[in-house]
Amino acid sequence: MDNETNESKIDVRIIVQSLDVAQMVSKAVGNIQLERDYNIVVSSIIPTTELNIVKKVAKGADIILIGSYGMDETYNLLYNELKTDFNNVGLFDYNNIIIEDESIDFNLAQKEILNSIIKSTLSYSLNLINIHTLENKLMKVTHNYNNLLDDYNKLIKENEVLTQQNKEMIEDIDEIKSDFDAFKLRYEDIYSKDILEIFNLEELWQDTFRQDLVDGDRIVVATDKFRPESIIVGQNYIAAESKFKAVEWLNIVRTALIFVDENSEELRKELNKDNEEKIPEVRDDYDVSNTFENFWD
């Protein structure tokens, strides 16, 4: 409980140049009742200006008073060594406690100490306000920084995902390009090739010869047998490089059909005659096949 109470009080430490002055200051401080009236505690009176000793004893003080004849070289040296952002360093001016006979007036000393402490306390309080303001600003900045850091980390993760997706897309694009190049290489001469046109066989026969087609199957058989280049016949259609080529083939087939039909008897006899000359022995049960006749079967 006492520790909590002491922590809430303002800790003052006073540096003087000699033991005599230290004793006088100690007595003056006892008469002022700083702790009771102002919640201020003078925890140390340091009777030396030796820098190393002063720095050790004064460390952690809220207010440090330096006893000196104004802001002289000693004061400036100690001030520069002891001042931090979290304390206040003030002057306990000997000039204000010395009377005409060069002696120290105790009442003036007591008054100077009180004034110096109060002045420094006000400065310290203002400094604390500034520090708290800065702390609040720092907290806000830290909060904003943390939020930005979270956003940044999210963006990093999203970027990693997008980078991976982009990598996969590039791989897909490369694969598509490869397939396209292969396709292009395979079919690059497609425009130089003759593409077959398809025509209705009956309609083309009617348009060409002005008669109905009655031998469609025979045309198919003839085409399959002779296999003319770029001519395909089937399913009542004929495919050719052009209509002219299709008509040209139909003329050939029609001519052949007419020739076979008109000379079938003579052809049969001629074939029979050839067969008789080649076969040394004639058998009653042997039938000579008629090539032209069976050609359409």
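The first residue of the sequence shown is numbered 1, and numbering continues consecutively from there.
If you chain together ILVMFWY residues whose side-chain heavy atoms come under 4.5 Å of each other, Ile170 ends up in a group of its own. Under a 4.5 Å side-chain heavy-atom cut-off, the cluster of Ile, Leu, Val, Met, Phe, Trp and Tyr residues that includes Leu77 has no other member. The hydrophobic side chain of Leu19 is isolated, with no ILVMFWY side chain under 4.5 Å apart from it.
Applying the side-chain hydrogen bond (donor to acceptor under 3.5 Å, both in side chains) criterion to Ser43, with sequence neighbours excluded, gives Asp11, Arg13. Checked against side-chain hydrogen bond (donor to acceptor under 3.5 Å, both in side chains), Thr49 has no partners two or more places apart in sequence or in another chain. For Gln110, the side-chain hydrogen bond (donor to acceptor under 3.5 Å, both in side chains) test picks out Asn31, with sequence neighbours left out. With sequence neighbours left out, Tyr79 forms a ring pair (Phe, Tyr, Trp, His ring centres under 6.0 Å) with Tyr75. Partners of Gln165 according to the side-chain contact (heavy atoms from CB on, under 4.5 Å) rule, which considers only residues two or more places apart in sequence or in another chain, are Val161, Leu162. Partners of Asp150 by side-chain hydrogen bond (donor to acceptor under 3.5 Å, both in side chains), not counting sequence neighbours: none found. Residues passing the side-chain contact (heavy atoms from CB on, under 4.5 Å) test with Lys55, sequence neighbours excluded: Leu51, Glu81, Leu82.
Side-chain contact annotation: Gln164 with Glu168, donor-acceptor N/O pair under 3.5 Å present.
Using a distance-only test at 3.5 Å, with no hydrogens or angles considered, no donor-acceptor pair links the side chain of Asn96 to the main chain of Glu112. Side-chain atoms of Ser120 come within 3.5 Å of backbone N or O of Ser116 as a donor-acceptor pair. Of the possible donor and acceptor atoms, none in the side chain of Asn87 sits under 3.5 Å from a partner among the backbone N and O of Lys83. Put simply, the side chain of Thr84 gets close to the backbone of Phe86: a donor and an acceptor are under 3.5 Å apart. Panel note: side chain Asn159, backbone Leu155; no donor-acceptor pair is recorded below 3.5 Å.
In this structure, the side chains of Lys9 and Asp62 stay at 4.5 Å or more apart for every pair of heavy atoms. Residues Asp212 and Gln206 have side chains in contact (heavy-atom distance under 4.5 Å, counting atoms from C-beta outward). The shortest side-chain heavy-atom distance between Ile15 and Ile45 does not fall under the 4.5 Å cut-off. Asp217 has its side chain out of reach of Ile219: every pair of non-hydrogen atoms, C-beta onward, lies at least 4.5 Å apart. Inter-residue side-chain proximity for Ile14 and Ile46 is flagged as unmet; no heavy-atom pair is nearer than 4.5 Å. Considering only heavy atoms from C-beta on, Ile117 comes within 4.5 Å of Ile40 through its side chain. Side-chain atoms of Ser68 and Leu91, non-hydrogen and from C-beta on, do get closer than 4.5 Å to each other. A 4.5 Å side-chain heavy-atom check between Asn200 and Leu204 finds every atom pair outside the cut-off.
Under a hydrophobic-cluster definition in which Ile, Leu, Val, Met, Phe, Trp and Tyr are linked whenever side-chain heavy atoms come within less than 4.5 Å, directly or via other members, Val16 and Val57 are assigned to different clusters.
Environment of OH in Tyr152: sparse, with no more than 12 heavy atoms of neighbouring residues, nucleotides or ligands closer than 6.0 Å. The 12-atom threshold is not exceeded at CD of Gln235, counting heavy atoms of other residues, nucleotides or ligands nearer than 6.0 Å. Residue Glu50 places its CD atom among more than 12 non-hydrogen atoms of other residues, nucleotides or ligands, all under 6.0 Å distant. Enclosure of atom CD in Gln33 by more than 12 non-hydrogen atoms of other residues, nucleotides or ligands within 6.0 angstrom is indicated.
The distance from atom CE of Met169 to atom CD1 of Ile176, rounded to the nearest 0.5 Å, is 9.0 Å.
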What's the verdict on side-chain contact (heavy atoms from CB on, under 4.5 Å) for Val25 and Val21, showing C-alpha distance, side-chain angles and the deciding distance? CA-CA 6 Å; Val25 170; Val21 178; 4.1 Å; yes
Would you check, one step at a time, whether the test side-chain contact (heavy atoms from CB on, under 4.5 Å) holds for Ile232 with Leu196? CA-CA 9 Å; Ile232 301 173; Leu196 300 182; 4.0 Å; yes
Could you give me the CA-CA distance, side-chain angles and deciding distance for Val42 and Leu34, then say whether side-chain contact (heavy atoms from CB on, under 4.5 Å) is met? CA-CA 8 Å; Val42 178; Leu34 292 170; 3.7 Å; yes
Test side-chain contact (heavy atoms from CB on, under 4.5 Å) on Leu257 and Arg218 and set out the steps. CA-CA 8 Å; Leu257 290 175; Arg218 298 171 74 187; 3.5 Å; yes
Distance-only check: which donor-acceptor pairs under 3.5 Å involve side-chain atoms of residues 243-253, not counting sequence neighbours?
| unit_1 | atom_1 | unit_2 | atom_2 | d |
| --- | --- | --- | --- | --- |
| Trp249 | NE1 | Thr223 | OG1 | 2.9 |
| Asn251 | ND2 | Val247 | O | 3.2 |

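Sorted by first and then second residue, the ring-ring contact (aromatic ring centres under 6.0 Å, His included) pairs with a member in residues 35-70 read Tyr69-Tyr94; sequence neighbours excluded.
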